[in-house]
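Taking it in order: structure first as structure tokens, then the write-up.
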Amino acid sequence: MPDPAATNSPGSPEAQTDFIRDRIRADLAAGKVRQIQTRFPPEPNGYLHIGHAKAITLSFAVAEEFGGKCNLRMDDTNPEKEAQEYVDAIQEDVRWLGFEWDQMVYASDYFGQLFAWAEQLIEKGLAYVEDQNAEQMAKGRGTVRTPGTNSPFRDRSVAENLDLFRRMKAGEFGDGEKVLRAKIDMAHSNLNLRDPAMYRVRNLHHQRTGDEWCIYPMYDWAHGQSDSIEGVTHSLCTLEFEHHRPLYDWFCESLGIHHPQQIEFARLNVEYMLTSKRKLLRLVEEKHVDGWDDPRMPTIRGLRRRGVPAEALVAFCKHVGVAKVNGTHELSLLEYFTRDWLNSRTWRRMAVIDPIQLIIENWPKNDDGTPHVEWKDVKNNPQDEDAGTRAVPITGKLWIDRDDFMEEPPKKFFRLGPDREVRLRFGYAVKCVSYDKDDDGRITTVRCTYDPESKNGKTSDGRKIKGVIHWVSQEHALEADTHLFEPLFAEADPASFDGDEFASILRPDSRRIVKAMCEPSLKDAKGGDAFQFERVGYFYCDPKTSEQGSPVFHRTVTLKDTWKKQQGK
RNA sequence: UACCCCGUGGUGUAAUCGGUAGCACAGCAGUUUUUGGUACUGUUGGUUCCUGGUUCAAGUCCAGGCGGGGUAACCA
């Protein structure tokens, strides 16, 4: 028997080909690099989302594939928005995805080196201290169509610049009073090269360096240099940094230090999901969701609490590949990988999401007059013999799902209706003889008779029964809060909506909480367990809100439902 | 509008030195099935954005258009 996990895991092995790996192979073949070194460099100012999952997977997987290493680096150059809380969360999320970094590093580890290098640039006449304020600098930079103009402070002497820069570091100036700028070209067509800022004064406490520094390096100045220090060979980042590459190169060349290769790829977009930190923050702050780990959030912790397995997420990220085209992936692809992984390993259980009762009128009674209970051992996973069995009780009073009965069923409805017969999953064939409705006309009870000879897939007279429905014994049912999710947004491209529109495309029904009637074995469910509720979907036992004997389930994804799909047409 | 990047079936992504479009998901049909699930099989979709050019041969090279995205923070 082949390994079942290997036969249907689309995200796995075959050597991937894309422009980045092609480049790495070429660099290796040409002897340009000996060993691959990559890094994942988040700023610890928020939680990681599905877009980061792609970047993480890329950098770590590439390193692994080519026998190299990948560092996790906190780009902590702006203490204003950063916090230890995020550092911890990021590490936890990366580990949860299943990656282990070679070194855990911080851009702030390099503040000393960065300062020394800045002095070198000043000595080479390639950097100067600016006295203008932000507004004046912006004006001097020009626009995309007009060249900038040189700052009146651009030609200060090396000695003066050095002195001023050291005094900046010494804390002689207030926030915004001075910045150190690279001296490049104020008329350059790439705005990033119009004398970009390297250091700004920020009299702020840094979560790691404390009060040691009052000047902090800008992204462009810190990033490439950090890469260089770590011996990064291929610095992978998203497309919006393309315009920064010339500056990245300029700094490395001006310093004459190891020069990593920055390569940009398209960021991940998925239908109905947002990956803008700003908008995700808005969702949290305006309480449209319960927090960063709300199962509807595209954050890694949201996805995790939704029940999406890390392996499925990584397989998805590997599968979507890497290119320079900005596109949007269909949600169904993520769902496919989620189901694919869950299908082969989760235990099956029965649970009724929207219960109506089914009464078997000819169900036997015990000698003492009490209702008969029949226990049946059934498989935990029909595809996995090793998964074992559990016992489920069959009685004459059951819960079944409202969807499984129709008063006036259409032609191809294989479930229950007047005079129709179906099989109870793992149990007997039952035939509907009558049904009750409440004052609103809603079905409350379906009455059936059962065929005692119909156990084990047979029927007394050999007749074929097409439909099978799931059920739960009323007497033994465990009632559990169950959260059913739909996308947060009604539009597939929520990113194109802003302002008030943004709130108007939120779906009011993105989360429905129902009381599901579960088979009794589910009372043993522990936080983190995943199940397939037969014919319904995959459900994840929420570690945060579940209690011993009282699980709370999150619907990760529904099962494929061809019937429902056909009806929708 | 200046500059940069990109443009292959519904979606995403492949195609060594240019050699005649592959894969996955979705869709459709069928087989198996005590999950309308899974598995398996088959199948519909592409004049590779357009127009010209180079060539025996172009998705691949060149030119011009058209379309999409990005960029003007003392953020990253």
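To find a chain, count down the sequence lines: A is the first, B the second, and so on, and within it residues start at 1.
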A:Asp401 pairs by side-chain contact (heavy atoms from CB on, under 4.5 Å) with which of A:Ile469, A:Asp354, A:Val472? A:Asp354

Are there any protein N/O atoms within less than 3.5 Å of an N/O atom in nucleotides 66-68 of chain B, and if so, which ones and at what distance?
none

A:Lys466, NZ: over 12 other non-hydrogen atoms inside 6.0 angstrom: no

With A:Lys169 as the cation and A:Phe115 as the aromatic partner, state whether NZ or CZ is under 6.0 Å from the six-membered ring centre and within 45° of the axis. yes

What is the separation between atom CZ on A:Phe316 and atom P on B:U13, rounded to the nearest whole Å? 11 Å

Which nucleotide sits closest to the side chain of A:Ser332: B:A26, B:U38, B:A24? B:A26

Could you check whether the side chain of A:Gln532 and the base of B:G37 have a donor-acceptor pair of N or O atoms closer than 3.5 Å, going by distance alone? no

How is A:Thr328 classified with respect to the nucleic acid when contacts are heavy atoms under 4.0 Å: base, sugar-phosphate, or nothing? sugar-phosphate

Using a 3.5 Å cut-off on both pairing distances, which stems of three or more Watson-Crick or G-U pairs include RNA chain B? B:2-7 with B:66-71, B:10-13 with B:22-25, B:27-31 with B:39-43, B:49-53 with B:61-65

Any donor-acceptor pair under 3.5 Å between the side chain of A:Arg348 and the base of B:U35? yes

Using the P atom in both, what is the distance from B:U41 to B:C17, to the nearest Å? 33 Å

Within the structure shown, what part of the strands sits under 4.0 Å from A:Phe413 by heavy-atom distance: base, sugar-phosphate, or nothing? base

Got a donor-acceptor contact below 3.5 angstrom from the A:Glu172 side chain to the A:Arg167 backbone? no

Using a heavy-atom cut-off of under 4.0 Å over every strand shown, decide if A:Arg181 touches base, sugar-phosphate, or nothing. nothing

Under 5.5 Å between ring centres and under 30° between planes: true for A:Phe414 and the base of B:G36? yes

Carboxylate-amine/guanidinium contact A:Asp384 A:Arg345, below 4.0 Å: no

Pick base, sugar-phosphate or nothing for A:Val536, based on heavy-atom distances below 4.0 Å to the nucleic acid. nothing

Ion pair A:Glu130/A:Arg181, N-O distance below 4.0 Å: yes

Specify the residue among A:Lys376 and A:Lys560 whose closest nucleotide of RNA chain B lies further upstream toward the 5′ end. A:Lys376

Could you state the CE-P distance from A:Met350 to B:G37, rounded to the nearest angstrom? 18 Å

Go along nucleotides 71-76 of chain B 5' to 3' and tag each nucleotide: B for a protein heavy atom under 4.0 Å from its base, S when only backbone or sugar atoms are that close, - otherwise. SBSBBB

Quick note, A:Glu330 side chain, CB onward, closest among B:U11, B:U35, B:U13 is B:U11

Looking just at side-chain N and O atoms, do A:Asp227 and A:Tyr248 make a donor-acceptor pair shorter than 3.5 Å? yes

Do other residues, nucleotides or ligands put more than 12 heavy atoms under 6.0 Å from A:Lys431 NZ? no

Could you tell me how far apart A:Asp401 (CG) and B:G36 (P) are, to the nearest whole angstrom? 12 Å

Return the nearest nucleotide to the side chain of A:Asn343; candidates are B:G36, B:U38, B:G27. B:U38

If anything within 90° of 0 is syn and all else is anti, what is B:G45? syn

Heavy-atom donor-acceptor pair, A:Asn381 side chain to A:Thr346 backbone, under 3.5 Å: yes

Would you tell me if any nitrogen or oxygen in the side chain of A:Thr562 comes within less than 4.0 Å of OP1 or OP2 on B:G37? yes

Using a 3.5 Å distance criterion without hydrogens, assess whether the side chain of A:Asn326 forms a donor-acceptor pair with backbone atoms of A:Ala266. no

A:Glu242 or A:Arg535: which one's nearest nucleotide on RNA chain B is closer to the 5' end? A:Glu242

Heavy atoms only, 4.0 Å cut-off, all strands: where does A:Leu239 land among base, sugar-phosphate and nothing? nothing

Between the base of B:G36 and the side chain of A:Arg415, is there a donor and acceptor pair under 3.5 angstrom? yes

B:U13 C1' sits how many Å from A:Asn269 CG, rounded? 15 Å

Would a distance-only check, ignoring hydrogens and angles, find a side-chain to backbone donor-acceptor pair under 3.5 Å from A:Arg423 to A:Ser454? yes

Decide whether A:Glu85 and A:Tyr47 meet the rule of one side-chain donor and one side-chain acceptor closer than 3.5 Å. yes

Interatomic distance at P, B:C50 relative to B:U71, whole Å: 29 Å

Closest heavy-atom pair, A:Tyr110 versus A:Glu230, reported as atoms and distance to 0.1 Å, is OH-OE2, 2.6 Å

